[in-house]
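Heavy-atom basis, side chains included; hydrogens, waters and symmetry copies ignored. Note that ligands are numbered from 1 as they come in the structure, with each ligand's atoms numbered from 1 the same way. Treat the numbers as computed from the prediction; the structure is a model and nothing was measured.
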Amino acid sequence: MPIDPNYETVIGLEVHSQLLTKSKIFCGCPNKFGADANTQICPVCAGFPGVLPVMNREMVNMAIKTGLAINGTVRELSVFSRKNYFYPDSPTGYQISQYDLPIVEHGEIFIDLPDEPKKRIGVTRIHMEVDAGKSIHEGIVGASWVDLNRVGTPLLEIVSEPDMRSSEDAGAYLKKLRAIVRFLEVCDGNMEEGSFRCDANVSVRRYGAEKLGTRTELKNLNSIRNVMRAIDFEVDRQIDIIENGDKVVQETRLWDANKNISRSMRSKEDAHDYRYFPEPDLPPLTIEPSQIAGIRATLPELPDAMAKRFQDEMGLSEYDAGVLTASREMSSYFEDANQVVGKSGKKNAKATANWVTGELLGRLNKEGLEIENSPVSAINLGKLVALIQTGEISGKIAKKVFTHMFDDGGDPQTIVAEKGLKQVTDSGSITAEVDKVLQAHPEQVEQFRGGKTQVLGFLVGKVMQATRGKANPAMVNSVLKEKLG
Ligand code: ADP
Ligand code: MG
Ligand code: ZN
């Protein structure tokens, strides 16, 4: 979207990640979804008087893990705070969160953009907090229902610095952060289902201005695409306001994905509206350096490191390496396929990468499928690429085989054999086809001999056509040249 070049966009994101702990944050209820309303709750979840929260260790470990993965500083002392507000889906009347002493501070995330060097986005803090329940308005007349199953779900709130400068930056940041939490197996990263949620803070300022502009906060963004669209819309809206001589109002706005517009929801509340105070029911959290060291030792290979390995060892481009490390499923698929193609050299790895990011992801996208549900397995894709690399089929034929595999299943060797798609590399039959083509096109032969060598392409095309794309193009070329020369 063209954006007024006189203005600079400034974005900071707040991401809520639901953690994949076995039990909830302060009680033993299962941390699971999909059960009947109000069946996964206990007196702690329901906020009965007299109950006491007990901190979930697994959650703390996941928070530390995430902090270390983004190069953050884990505080040895952090404190829970009460954020007071009334809403029907929160029976206590407050949310237990962290405020001035969060568990992690000063992290960073490096984002990948096409044709640009990696860019660093600061992460101000990561804090732990508890999720609320859900109000249900649909299908009920004159009332609303409340489902408390989600109360007590552990959340990490990951707050970025206002370091992003475009919707593309924001999209890349979310992709990278999602890849990190997925690699760590602390969150499933599902935006559509709301287990990875993002609020976008957006402002604009004239280029060269030092002070940040007044921001608005966008909510209800349930996909990366919506985040990007909502930001673009908001930037335009704010620039229009300023150009008209008015002032942007600090407020929370709700994105309407059907109409592609945002609406004002409420004026922005300030921290003092929430009357934060230290949570009296939970002691401050102390973390020993040995605990941090122990968790650091369990960190898996993370997306950036893996992408670097793909570049260094396999010669992939920075961008392709970024795409292939977007999730564990993606990187495993690529590595499994590549294993089949064979480890001999970078040429195979690049071919595999091209097939995964090109043909496969293109088709999966079109069908709305994730890579883990790909009808073509990694092994079979690897076999297909191997057939190309060994010259048994051409790239063009491979695309046909791929379509068969995707639509009807089957492994590539069988499809190639059954459909008679194997590349013709026997020089006798190629020579025979070449002779026929030369006979049928005397004019072009004349032209070639008269110095117009570009007609060679035409003649190659005719031979390929006659063999339905199965002739080995390099051989066709050399036989033709030989005959013409
Ligand atoms: P709150 O909790 O009230 O939303 P925070 O201080 O936690 O406030 O900031 C929320 C987010 O807003 C952070 O990601 C921060 O980077 C971002 N932010 C702050 N000021 C601006 C601004 N002027 N323009 C864009 N983003 C901003
Ligand atoms: Mg906020
Ligand atoms: Zn409970």
Side-chain angles (χ1 to χ4, degrees), residues 7-16 21-32 35 38-48 51-56 81 83 85 91-92 95-100 102 105-109 121-127 129-133 147-154 157-167 169-170 173-174 177 197-206 209-219 221 227 230-231 234-235 238 242 247-253 265-274 276:
Y7 289 89
E8 183 178 40
T9 300
V10 176
I11 303 159
L13 299 180
E14 293 166 87
V15 171
H16 286 91
T21 55
K22 285 184 254 344
S23 52
K24 289 184 178 180
I25 179 169
F26 298 131
C27 65
C29 291
N31 179 27
K32 270 207 203 108
N38 298 311
T39 58
Q40 314 247 323
I41 60 172
C42 71
V44 174
C45 295
F48 283 13
V51 297
L52 283 175
V54 178
M55 190 60 208
N56 183 336
S81 293
K83 183 177 180 180
Y85 65 90
T92 48
Q95 177 190 31
I96 298 181
S97 181
Q98 294 192 301
Y99 182 52
D100 45 356
E105 292 169 316
H106 316 303
E108 61 189 2
I109 287 176
I121 308 295
V123 173
T124 319
R125 53 192 270 140
I126 298 180
H127 66 253
E129 61 182 32
V130 59
D131 211 348
D147 175 6
L148 296 182
N149 282 351
R150 200 177 66 181
V151 172
T153 300
E157 180 169 340
I158 303 156
V159 183
S160 87
E161 291 288 311
D163 284 350
M164 284 159 270
R165 292 291 175 268
S166 66
S167 57
D169 280 4
Y173 173 89
L174 287 172
L177 179 57
R197 308 193 283 267
C198 168
D199 299 337
N201 296 270
V202 180
S203 66
V204 299
R205 62 178 169 190
R206 282 197 164 269
E210 236 170 76
K211 221 174 133 239
L212 293 178
T214 304
R215 71 177 150 133
T216 58
E217 181 167 342
L218 304 169
K219 285 187 183 287
L221 308 169
V227 171
I231 289 171
E234 183 57 18
V235 167
Q238 291 186 9
I242 297 169
K247 284 207 167 94
V248 174
V249 179
Q250 185 169 340
E251 62 181 356
T252 301
R253 297 179 66 87
M265 183 168 106
R266 56 165 187 253
S267 65
K268 181 89 186 89
E269 54 296 294
D270 280 320
H272 63 251
D273 296 327
Y274 290 121
Y276 279 100

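- Across all non-hydrogen atoms, the minimal contact from R150 to G133 is NH2-O, 3.3 Å.
- Considering both main-chain and side-chain atoms, P162 comes within under 3.5 Å of ligand 1 through a nitrogen or oxygen pair.
- Counting the atoms of ligand 1 from 1 in the order shown, those under 4.0 Å from a heavy atom of V159 are 13 (C), 14 (O).
- When each of E8, E210, Q238 is tested with R205 by the rule side chain to side chain donor-acceptor pair (under 3.5 Å), just one qualifies, namely E8.
- When every heavy atom of V44 is checked against every heavy atom of C27, the shortest pair comes out as CB-CB, 3.9 Å.
- Partner of T216 under the side chain to side chain donor-acceptor pair (under 3.5 Å) criterion, chosen from E251, Q250, E234: E234.
- Only the side chain of E217 comes within 4.0 Å of ligand 1, judged by heavy-atom distances.
- Judged by distance alone, the side chain of N56 and the main-chain N or O of S23 form a donor-acceptor pair under 3.5 Å.
- Residue-level proximity to ligand 1 for L13 is carried by the backbone, the only part with a heavy atom below 4.0 angstrom.
- Within ligand 1, the atoms closer than 4.0 Å to a non-hydrogen atom of E161 are 16 (O), numbered from 1 in the order shown.
- At least one N or O atom of G213, backbone or side chain, sits closer than 3.5 Å to an N or O atom of ligand 1.
- Taking only nitrogen or oxygen atoms, main chain and side chain alike, T214 does not reach within less than 3.5 Å of ligand 1.
- None of Q98, E105, E157 except one satisfies the side chain to side chain donor-acceptor pair (under 3.5 Å) rule with H127; the exception is E157.
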